[in-house]
2 protein chains.
Amino acid sequence: MKDQDAVIALGAIAQEDRLAAFRLLMTRGPDGLPSGAIAERLEIQPTRMSFHLAALERAGLVTTRRDGRHILYSVDYERMRNLLTFLMEDCCGNNPDVCCLPANRPTNPSIADRT
Amino acid sequence: MKDQDAVIALGAIAQEDRLAAFRLLMTRGPDGLPSGAIAERLEIQPTRMSFHLAALERAGLVTTRRDGRHILYSVDYERMRNLLTFLMEDCCGNNPDVCCLPANRPTNPSIADRT
DNA sequence: TTCATAATTCGATAATACAGGAAATATTGT
DNA sequence: ACAATATTTCCTGTATTATCGAATTATGAA
């Protein structure tokens with residue numbers, strides 16, 4: 001992921017309503033939710049929600065697909081993974097001592113090879 | 001970490017110059033770097049660098065300490081860890097199947113208890 | 001104390017982003 | 001074709017953020 005992509009992705013979730021929507025979508029998995037349902041759940045006006053969801057989509061963090069008269073928004077988990085990887089790169093990669101990995105997870109990349 | 005804190009922290013690194021500065025500081029560990037050195041390295045005017053570093057500090061992502069006529073900026077790794085944890089909460093917590101953890105790390109929190 | 005260096009703060013301007021409501025588009029059911 | 005639903009796009013005003021240069025504060029050295 002390039003710096004510019006990260007800036008856009010970070011900017012997308014650096015807003016109250018969008019962060020709330022994104023986190024809600026994360027809990028829904030690939031099925032996702034339509035804009036209206038998200039708006040209702042978060043008590044945000046539909047036109048606002050649409051605006052914010054468009055920003056998340058531009059940032060690549062969510063994808064859309066139409067289902068009848070609904071448009072379903074769902075998280076692009078791989079994109080999110082890429083963003084988190086990007087944020088950790090300069091941390092543990094060059095500085096194993098002071099690691100920013102959450103929950104005291106092992107810093108050794110070989111952990112990925114375990115079952 | 002509260003939503004509002006996350007929004008501020010994310011907004012802090014959602015900017016080209018600040019993201020570059022933050023990533024540079026991450027590679028430096030607790031020692032950090034003075035504003036001038038960062039500005040020179042990134043080819044950013046000192047007054048702008050100062051402005052952006054102040055934003056990172058307000059967001060809690062970096063701390064400062066004076067050393068002679070230098071003011072050293074360094075990453076608050078715990079804060080960064082908290083932010084990353086926050087971002088992953090709604091992912092693997094509620095949805096072990098579609099996980100956004102980087103590098104295929106185990107999703108089971110008990111991993112933290114291993115040696 | 002006076003000079004030079006490191007960095008920040010201030011004031012003005014320019015660029016972006018946010019919010020609300022009206023209008024437009026797409027889809028389904030009658 | 002028509003009405004209803006789901007959602008987006010457009011327009012306007014407002015607020016936040018970024019940039020630049022000049023002035024200011026803090027420190028160390030002569």
Side-chain angles (χ1 to χ4, degrees), chain A residues 3-25 28 31-76, chain B residues 3-25 28 31-76:
Chain A
D3 279 39
Q4 192 53 34
D5 297 327
V7 166
I8 294 173
L10 291 167
I13 48 176
Q15 204 275 346
E16 210 178 336
D17 297 339
R18 288 197 296 263
L19 182 62
F22 185 72
R23 281 163 73 83
L24 174 57
L25 284 176
R28 303 291 302 193
D31 291 350
L33 276 178
S35 180
I38 304 172
E40 194 176 3
R41 194 79 148 266
L42 303 179
E43 299 184 38
I44 296 170
Q45 295 186 330
T47 177
R48 292 284 73 229
M49 197 70 264
S50 191
F51 170 78
H52 287 309
L53 287 170
L56 286 171
E57 193 186 11
R58 269 195 307 277
L61 288 171
V62 304
T63 57
T64 62
R65 67 185 194 283
R66 186 174 272 278
D67 171 39
R69 64 179 70 174
H70 295 278
I71 293 179
L72 293 171
Y73 285 84
S74 52
V75 169
D76 185 332
Chain B
D3 280 38
Q4 191 54 34
D5 297 327
V7 165
I8 294 173
L10 291 167
I13 48 177
Q15 205 275 349
E16 210 178 336
D17 298 338
R18 289 196 296 263
L19 181 61
F22 185 72
R23 280 163 73 82
L24 174 57
L25 285 176
R28 304 292 302 194
D31 291 350
L33 276 178
S35 180
I38 304 172
E40 194 177 2
R41 195 80 148 262
L42 303 179
E43 299 184 38
I44 296 170
Q45 295 184 330
T47 176
R48 252 171 72 199
M49 197 70 265
S50 194
F51 170 78
H52 287 309
L53 286 171
L56 287 171
E57 193 186 11
R58 268 196 307 277
L61 287 171
V62 304
T63 57
T64 62
R65 65 183 195 285
R66 187 175 269 278
D67 171 39
R69 62 179 73 174
H70 296 279
I71 294 179
L72 293 170
Y73 285 84
S74 52
V75 168
D76 184 332

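Throughout, protein chains are lettered first and strands after them, A, B, ... in sequence-line order, and every chain is numbered starting at 1.
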Could you tell me if Arg48(A) sits above the aromatic ring of Phe51(A), with its cationic atom closer than 6.0 Å to the ring centre and no more than 45 degrees from the axis?
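Flagged: Arg48(A) positioned over aromatic ring of Phe51(A).
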Write down the atom of Ala9(A), the atom of Leu61(A), and the distance for their closest heavy-atom approach.
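Answer, listing the atom of Ala9(A) first, then Leu61(A): O-CD1, 3.5 Å.
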Could you pick out which residue, His52(A) or Arg66(A), lies toward the 5' side of DNA chain C when each is mapped onto its nearest nucleotide?
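It is His52(A), whose closest nucleotide lies nearer the 5' terminus.
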Taking for each residue the nucleotide of DNA chain C with the nearest heavy atom, is it Gly11(A) or Ala54(B) whose nucleotide lies nearer the 5' end?
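The residue whose closest nucleotide sits nearer the 5' end is Ala54(B).
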Output the single nucleotide from dG20(C), dT9(D), dT8(D) whose closest atom is nearest the side chain of Gln45(A).
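The listed nucleotide nearest to Gln45(A)'s side chain is dG20(C).
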I want to verify a distance call: between dT8(C), dC18(C), dT8(D), whose nearest atom is closest to the Ile71(A) side chain?
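Looking only at side-chain atoms, Ile71(A) lies closest to dT8(D).
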Rounding to a whole Å, what distance do you find between [X]:[atom1] and [N]:[atom2]?
{"X": "Gln15(B)", "N": "dA15(C)", "atom1": "CD", "atom2": "P", "answer": "16 Å"}
{"X": "Arg69(A)", "N": "dA6(D)", "atom1": "CZ", "atom2": "P", "answer": "6 Å"}
{"X": "Met49(B)", "N": "dT9(C)", "atom1": "CE", "atom2": "C1'", "answer": "16 Å"}
{"X": "Ile44(A)", "N": "dT7(D)", "atom1": "CD1", "atom2": "P", "answer": "14 Å"}
{"X": "Leu53(B)", "N": "dT9(C)", "atom1": "CG", "atom2": "C1'", "answer": "15 Å"}
{"X": "Ile8(B)", "N": "dT17(D)", "atom1": "CD1", "atom2": "C1'", "answer": "14 Å"}
{"X": "His70(B)", "N": "dG28(D)", "atom1": "NE2", "atom2": "P", "answer": "10 Å"}
{"X": "Phe51(A)", "N": "dA17(C)", "atom1": "CZ", "atom2": "P", "answer": "8 Å"}

Taking only side-chain nitrogens and oxygens of Ser35(B), does any of them come within less than 4.0 Å of OP1 or OP2 of dT8(C)?
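True: Ser35(B) side-chain N/O within range (under 4.0 Å) of dT8(C) OP1/OP2.
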Reckon Arg18(A) has a side-chain N or O less than 4.0 Å from the OP1 or OP2 of dC18(C)?
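Checking dC18(C) against Arg18(A), a side-chain N or O does come within under 4.0 Å of OP1 or OP2.
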So Arg48(B), base contact, sugar-phosphate only, or nothing? Heavy-atom distance under 4.0 Å.
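The residue Arg48(B) makes sugar-phosphate contact but no base contact.
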Go through the steps for Leu25(B) and Leu33(B) under the test side chain to side chain contact (heavy atoms under 4.5 Å, CB included), then give the verdict.
CA-CA 7 Å; Leu25(B) 285 176; Leu33(B) 276 178; 4.0 Å; yes
Do Ile13(A) and Leu56(A) come close enough that some side-chain heavy atom pair is under 4.5 Å?
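SC-SC contact between Ile13(A) and Leu56(A) confirmed.
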Tell me, do Asp17(A) and Leu42(A) make a side-chain contact under 4.5 Å, heavy atoms counted?
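No. Closest side-chain heavy atoms not under 4.5 Å.
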Looking at dT9(D), does its base get a donor-acceptor pair with the side chain of Thr47(A) below 3.5 Å?
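Yes.
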